[in-house]
Q: 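One structure coming up, written as structure tokens, with questions to follow.
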Amino acid sequence: MPELPEVETVALSLRPRLTGRTVRTLRVYDPLLRRSTFPRLGGRRIVHVGRSGKRVLIGFSARSAGDGPLWLAVHLRMTGRLIWAADGNRDSRAHLRARIRLDRGTLSFFDTRRFGTFEWYREADAAGPAGIDPLSPGLGEDALARLLRGSRQNVKAWLLRQDRLVGLGNIYASEILYAAAVSPAREAGSLDRRERRRLLEAIRRVLRRAIGNNGTTLSDFRNAHGESGSNQHYLRVYGREGQPCPRCATTVLREVQQQRSTYYCPACQH
DNA sequence: CTCGGAGCCTGTCTGC
DNA sequence: TGCAGACAGGCTCCGA
């Protein structure tokens, strides 16, 4: 489910509910989540709600002297949801994995497939991903050219890596390559200057539009209030195998690369 | 470095 | 209706 636009949507919808709140209790219900050690959260105040790559980043104040601030990075993976409720007791408890009770409201983590993770850090920097955020000023034409240089990987797989650019996943990789008119099978390092420019513009355009539409909901994705996004109505190729390309009416194809589906137009992507 | 495959989990959908 | 198999938006690990 969640790629950069969905995680951004979750963070934006959580921020006004969580910022400034004080934690009462943290409870963890799923033994899989317990592989991470859980710190004492009671009494800490939430001072930051944001996004780091594909993870929701929540900053907590120090608890007392000598006990510094804490950062929680939640990775939603495929089916994770962070849901805020004024009264958490009224939620269904199906797939409830963890719950943070606040002085006002409750933050619940639901995760059907249980791939989601909680990671705790002492410093925000430690929670930062290795790659560049594609919407940050750090990604310009020069930076993109440097990252791509020499890579023999196909460009679809390259976009999915999180060690160079963070935040792209299977849906937006297909959509971006379509918007850039670049074939997913191309060697990443082989893109020329014009193609790199189109790729950069496509990355920005596709991601910003998806954020503006509150993310793509194919089935599981929800924001902090349980609401679906609407960007699925704007997908051009993803999930549209056999349908006509919106640009040239050629039939959209699906191909498996690195065990993931890639959707593309064989006529207008080169 | 890259690739393919298995694996982590659960639910849904398809076809026989 | 029942059941097996394929598939799903994430990522990691292993061996070649």
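So that the names make sense, note that chain A is the first sequence line, chain B the second, and so on, each numbered from 1.
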Q: Rounded to the nearest 0.5 Å, what's the gap from CG on N170(A) to CD on Q258(A)? Could you check?
A: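 Rounded to the nearest 0.5 Å, the CG-CD separation comes to 10.0 Å.
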Q: Counting any heavy atom closer than 4.0 Å, what does Y238(A) reach on the DNA or RNA strands: base, sugar-phosphate only, or nothing?
A: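 Here Y238(A) touches the backbone only, sparing every base.
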Q: Between R194(A) and D192(A) (salt bridge meaning N to carboxylate O under 4.0 Å), is one present in this structure?
A: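 The answer is no: the pair does not qualify as a salt bridge.
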Q: Please collect all side chain to side chain donor-acceptor pair (under 3.5 Å) contacts where either partner lies in residues 236-246 of chain A, sequence neighbours excluded, each pair once.
A: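 Found R240(A)-Q243(A).
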Q: Inspect the contact between D220(A) and R113(A) and indicate whether a charged nitrogen and a carboxylate oxygen are less than 4.0 angstrom apart.
A: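 No, no charged N to carboxylate O under 4.0 Å.
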Q: With a non-hydrogen cut-off below 4.0 angstrom, is R161(A) in contact with a base, only sugar-phosphate, or nothing?
A: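 If one applies the 4.0 Å heavy-atom cut-off, R161(A) turns out to touch the sugar-phosphate alone, with no base involved.
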Q: When the side chains of residues 58-65 of chain A are checked against the rest of the protein, which donor-acceptor pairs come out under 3.5 Å, sequence neighbours left out?
A:
unit_1, atom_1, unit_2, atom_2, d
S61(A), OG, R45(A), N, 2.9
R63(A), NE, G42(A), O, 3.0

Q: What are the residues of residues 111-118 of chain A, sorted by number, that bring a heavy atom to within less than 4.0 Å of DNA chain B?
A: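 Here the set is T112(A), R113(A), R114(A), F115(A).
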Q: With DNA chain B as reference, determine whether L32(A) or R152(A) sits nearer its 5' end, using the nearest nucleotide of each.
A: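 Its nearest nucleotide being more 5', the pick is R152(A).
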Q: For Q257(A) and dC7(C), give me the distance from atom CD to atom P, rounded to whole Å.
A: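 Q257(A) atom CD is separated from dC7(C) atom P by 16 Å.
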Q: With pairs defined as Watson-Crick or G-U wobble and both distances under 3.5 angstrom, please note down DNA chain B as a dot-bracket string, | for pairing with another strand.
A: .|||||||.|||||||
Q: Sequence neighbours left out, what pairs pass salt bridge (charged side-chain N to carboxylate O under 4.0 Å, His left out) with at least one residue falling in residues 140-149 of chain A?
A: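 Every salt bridge (charged side-chain N to carboxylate O under 4.0 Å, His left out) pair that includes a residue of residues 140-149 of chain A, provided the two are not neighbours, is E141(A)-R197(A).
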Q: Quick one: which residue pairs count as a side chain to side chain donor-acceptor pair (under 3.5 Å) with a foot in residues 198-214 of chain A, not counting sequence neighbours?
A: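 Of all non-adjacent pairs touching residues 198-214 of chain A, those that pass side chain to side chain donor-acceptor pair (under 3.5 Å) are N213(A)-N231(A).
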Q: Return each pair, listed once, that meets side chain to side chain donor-acceptor pair (under 3.5 Å) where at least one residue sits in residues 9-29 of chain A; pairs must be two or more places apart or across chains.
A: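 Pairs touching residues 9-29 of chain A that pass the test: R21(A)-D103(A).
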Q: Provide, to the nearest angstrom, the distance between the OH atom belonging to Y172(A) and the P atom belonging to dG10(C).
A: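 Going from OH in Y172(A) over to P in dG10(C) covers 10 Å.
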Q: Check R44(A) with D67(A), please: is the shortest side-chain N to carboxylate O separation under 4.0 Å?
A: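 Here D67(A) pairs with R44(A) in a salt bridge, since their nearest N and O are under 4.0 Å apart.
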Q: Need two values: the first and the last nucleotide of DNA chain B, 5' to 3', having an atom under 4.0 Å from any heavy-atom of chain A.
A: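 Listing 5' to 3', DNA chain B meets chain A from dT2(B) to dG11(B).
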Q: Is S261(A) near enough to dA8(C) that one of its side-chain N or O atoms lies under 4.0 angstrom from OP1 or OP2?
A: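 Checking S261(A) against dA8(C): at least one side-chain N or O falls below 4.0 Å of OP1 or OP2.
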Q: Enumerate the residue pairs fulfilling ring-ring contact (aromatic ring centres under 6.0 Å, His included) with a member in residues 70-107 of chain A, sequence neighbours excluded, ordered by first and then second residue.
A: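 For residues 70-107 of chain A: H48(A)-W71(A).
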Q: Who are the side-chain hydrogen bond (donor to acceptor under 3.5 Å, both in side chains) partners of R97(A), not counting sequence neighbours?
A: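 Expected list: none.
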Q: Can you measure L76(A) atom CG to dG10(C) atom P for me and round it to whole angstrom units?
A: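 Distance, rounded to whole Å: 12 Å.
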Q: Sugar-phosphate atoms are those with a prime plus P, OP1 and OP2; base atoms are the rest. Using that split, label each nucleotide of nucleotides 11-16 of chain C B, S or - for protein heavy atoms under 4.0 Å, 5' to 3'.
A: S-----
Q: For the pair E6(A) and K54(A), find out whether any cationic side-chain nitrogen is under 4.0 Å from an anionic carboxylate oxygen.
A: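 Looking at E6(A) and K54(A), the cut-off is not met.
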Q: Run the side-chain hydrogen bond (donor to acceptor under 3.5 Å, both in side chains) test against E187(A) and tell me which residues pass, sequence neighbours left out.
A: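 E187(A): no side-chain hydrogen bond (donor to acceptor under 3.5 Å, both in side chains) contacts found.
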Q: Considering only atom P, compute the distance from dC3(C) to dC9(B) and round it to an integer number of Å.
A: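 It comes out at 25 Å once rounded to the nearest Å.
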Q: Roughly how many Å is it from CG in L218(A) to P in dG10(C), rounded to a whole number?
A: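 L218(A) atom CG is separated from dG10(C) atom P by 10 Å.
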Q: Report yes or no: do T262(A) and Q257(A) form a side-chain donor-acceptor pair below 3.5 Å?
A: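 Present: a donor and an acceptor within the cut-off.
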